[in-house]
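Read through the structure below, which is laid out as structure tokens, and then see the notes.
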Amino acid sequence: MVKKVSKYKQMTASWRFYLVIGVIVLVYLGLTARTAYIQVIEPDMLKQQGDMRSLRTAANKVHRGSIVDRNGVELAVSVPVDTVWADPKIIMEQNALAKVEHWQALADVLDKDVNSLKSRVTKSPAKRFVYIERQVSPAMAEYIKQLKIPGIHLRKESKRFYPAGEISAHVVGFTNVDDKGIEGVERVYDDLLTGEQGSKRYRKDAKGNRIEVLETVDAKPPQDLVLSLDQRIQALAYRELKGAVKAFNASSGSVVVADVDSGEVLALANSPSYNPNNRSNVALHRLRNRAITDFYEPGSTMKPMAVLSALEFGEVTEDTVIDTSKRIMRLGGRRVGDPRNYGKQTPTDILVNSSNLGTSMLALSLPKEFFLDKFFQAGFGESTGINLIGESEGIMHTRSRWSQIELATLSYGMGVSATPIQMARFYASIANGGVKKPLSILKREKVNSYDEQRIFSEKNTESLLGMLEQVVEKKAHRAKVEGYRVGGKTGTAFKAVAGGYGNDYVGLFTGIAPISDPKIVVIVVINEPGGDLYHGGEIAAPVFSRVMQGALRLLNIEPDADTRVVNAKDDNGGKRV
């Protein structure tokens, strides 16, 4: 007997078969379309994902360049240190916070509160990098390494160290925690000191093995910076200045030592200073480089300008006699005078006696434009070329109208303000035979002649040097240097305040040595002395003497064979040797 097959069951089986086949075909078509879309139309996403897993860049870091003085003494160096960082994700995944004793030990060595330390990690549990402490010592890093806290790691960095400390702080400056220059030459020459780090781009496999180097960028090494400073003279200047500021209860002070021939700054010291290796709780005013930022009315240290201008114009000679016996001169309702009657004076006498009336008469005998131009030619009202951050140009007015009283007071250092570094350049120009050169904080191999500018004649500056020597011989005895002929000028000035002058003084001394062959200029400023002594000859001249004496000996400058005064006039008007 034959068994019959149902037509319904055959149709059902056929329909299901074709449905399954259709679904499979659609799936494969979808996969093919998706594959084509990813690989042909939008391949970048997969490439990016692949690169994230296989491409790596290894940086070849370079240490910051060193800063040295002219003799190679290190003033700023980079030392290797470690930075402590955390991987919050690993810490949370491995429950590292459960190691209570280990975290307490970590907090203790870092001198931090353990709870605040943990909160920095738990605040962003998904993060992969959080700084814990920057630039720890090698001993601390080794201790932290031995704690073996999961997620706590060390990273090699470098830290700036300043062997000279506060002595050269205002010149050298400092960097921040990321080794970026913030002050001083560290900031000015940051690019030169930093260089450029190299890198190597490569591809690794799933096991971390390097399989292909794609690109190599060579590192550009940083350069070392050679300053014009002589650290021996810098230390001497700072020591003497710091002692004087303390002894005279002054608010601050500055010393500048410059090389006459090259214009290099051999020392630039300020007090108060600061320790660049530990700047915590340092008052902001201590960071100021006062020798280039603070300006004062130079007082009598500006009187050589009036005498030299008169010599340059030809109005007077060394032997010209100026009658100041009236003692007082009235100009526009105001008076210019001397503390006593000096009678008839030569230009030398005017400087020795520091006669306000004498310099006023010289200034008023000159054409106004000629006299004022000499100030601008000498560099007042402009930068010195030292190229340090924050340098002030001082104050030298450019107005067209000047009254007689203003010209008179200008001749003895009122109505003009200058920084110590500007005064150093002015006296260096005198010492250099009337040639003005830009000052430099970097060591120079040679001075470019196109940077030089003759502003005074050699003959007249030589005459002025002799006059300045007389000032030291006859009046500024505290500025003398044994074995050397020295010339200079004292200055004492009231500090200008809004609307006039206050009750505070500035004591100054500016000098040159040796007069027979000028080599060094030293400027000393003692600001706001608090005791009974405040004249420049009393408080600044002794500092000048000790700094100048030490500098001359350190530089092996030969003493004068004859330190007797040359061309000094006797009481009968003749010359004596």
Side-chain angles (χ1 to χ4, degrees), residues 164-171 230-258 266-275 282-283 285-301 354 413 419-421 423-424 427 471-472 475-482 484 486 488-495 502-511 513 520-554:
E166 64 183 26
I167 294 174
S168 304
H170 290 107
V171 176
D230 187 318
Q231 186 60 20
R232 302 169 300 171
I233 301 176
Q234 177 75 16
L236 169 66
Y238 179 71
R239 184 187 70 218
E240 295 296 339
L241 176 65
K242 185 177 180 180
V245 168
K246 182 178 180 180
F248 298 112
N249 195 26
S251 65
S252 62
S254 298
V255 171
V256 179
V257 182
L266 302 177
L268 191 155
N270 297 286
S271 181
S273 187
Y274 65 96
N275 181 4
V282 173
H285 71 88
R286 287 178 171 267
L287 303 179
R288 193 164 75 242
N289 189 349
R290 298 174 184 273
I292 67 170
T293 63
D294 292 10
F295 47 86
Y296 315 90
E297 288 192 343
S300 296
T301 57
S354 199
T419 61
I421 199 73
M423 294 302 295
Y427 273 77
V471 173
V472 174
K475 281 295 177 70
H477 304 296
R478 293 182 175 89
K480 291 183 178 180
V481 177
E482 184 179 356
Y484 295 90
V486 177
K489 187 71 185 76
T490 61
T492 307
F494 277 111
K495 289 196 69 175
N503 296 319
D504 294 320
Y505 291 92
V506 179
L508 310 96
F509 192 90
T510 56
I520 303 176
V521 167
V522 176
I523 311 298
V524 180
V525 178
I526 306 296
N527 183 35
E528 298 179 2
D532 295 331
L533 301 179
Y534 55 86
H535 291 102
E538 298 170 327
I539 62 176
V543 178
F544 164 85
S545 176
R546 292 190 289 269
V547 172
M548 178 63 84
Q549 183 177 52
L552 290 168
R553 291 178 177 176
L554 288 169

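Numbering of residues begins at 1 and proceeds along the displayed sequence.
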Point to revise | Short side-chain to backbone donor-acceptor contact, Ser545 and Lys480, under 3.5 Å | key: yes
Revision key, fill the gap. Between the CZ atom in Arg553 and the CZ atom in Arg232, the distance rounded to the nearest 0.5 Å is 14.0 Å
Practice item. Specify the closest pair of heavy atoms between His535 and Thr492, including all atoms of both residues, with the distance to one decimal. Key: CA-OG1, 3.3 Å
Check your understanding: When rounded to the nearest 0.5 angstrom, what distance separates NE2 in His285 from CG in Asp294?
Key -> 11.5 Å
Exercise for review: Check for a donor-acceptor pair, side chain of Tyr427 on one end and backbone N or O of Thr301 on the other, with a separation under 3.5 Å.
Suggested key: yes
Practice item. Rounded to the nearest 0.5 Å, what's the gap from NE2 on His170 to OG on Ser271? Could you check? Key: 8.5 Å
Study note, to complete from the structure: For Ala479 and Val486 the tightest heavy-atom approach is O-CG1, 4.1 Å
Point to revise | Pairwise distance CE(Met548) to CG(Leu236) - rounded to 0.5 angstrom | key: 11.5 Å
Exercise for review: Begin with the C-alpha distance, continue with both residues' side-chain angles, and end with the deciding distance and a verdict on side chain to side chain donor-acceptor pair (under 3.5 Å) for Ser354 and Ser300.
Suggested key: CA-CA 7 Å; Ser354 199; Ser300 296; 3.1 Å; yes
Review point. Does atom NZ of Lys495 have more than 12 heavy-atom neighbours from other groups under 6.0 Å away?
Key: yes
Check your understanding: Thr419 and Ala291: which non-hydrogen atoms are nearest, and at how many Å?
Key -> CB-O, 3.8 Å
**Study point:** Ser251 side chain to Asn527 backbone, donor-acceptor under 3.5 Å
**Key:** yes
Revision key, fill the gap. Rounded to the nearest 0.5 Å, the CG atom of Leu554 sits from the CD atom of Gln549 at a distance of 10.5 Å
**Study point:** Gap between atom CZ of Arg288 and atom OG of Ser273 - 0.5 Å precision
**Key:** 12.5 Å
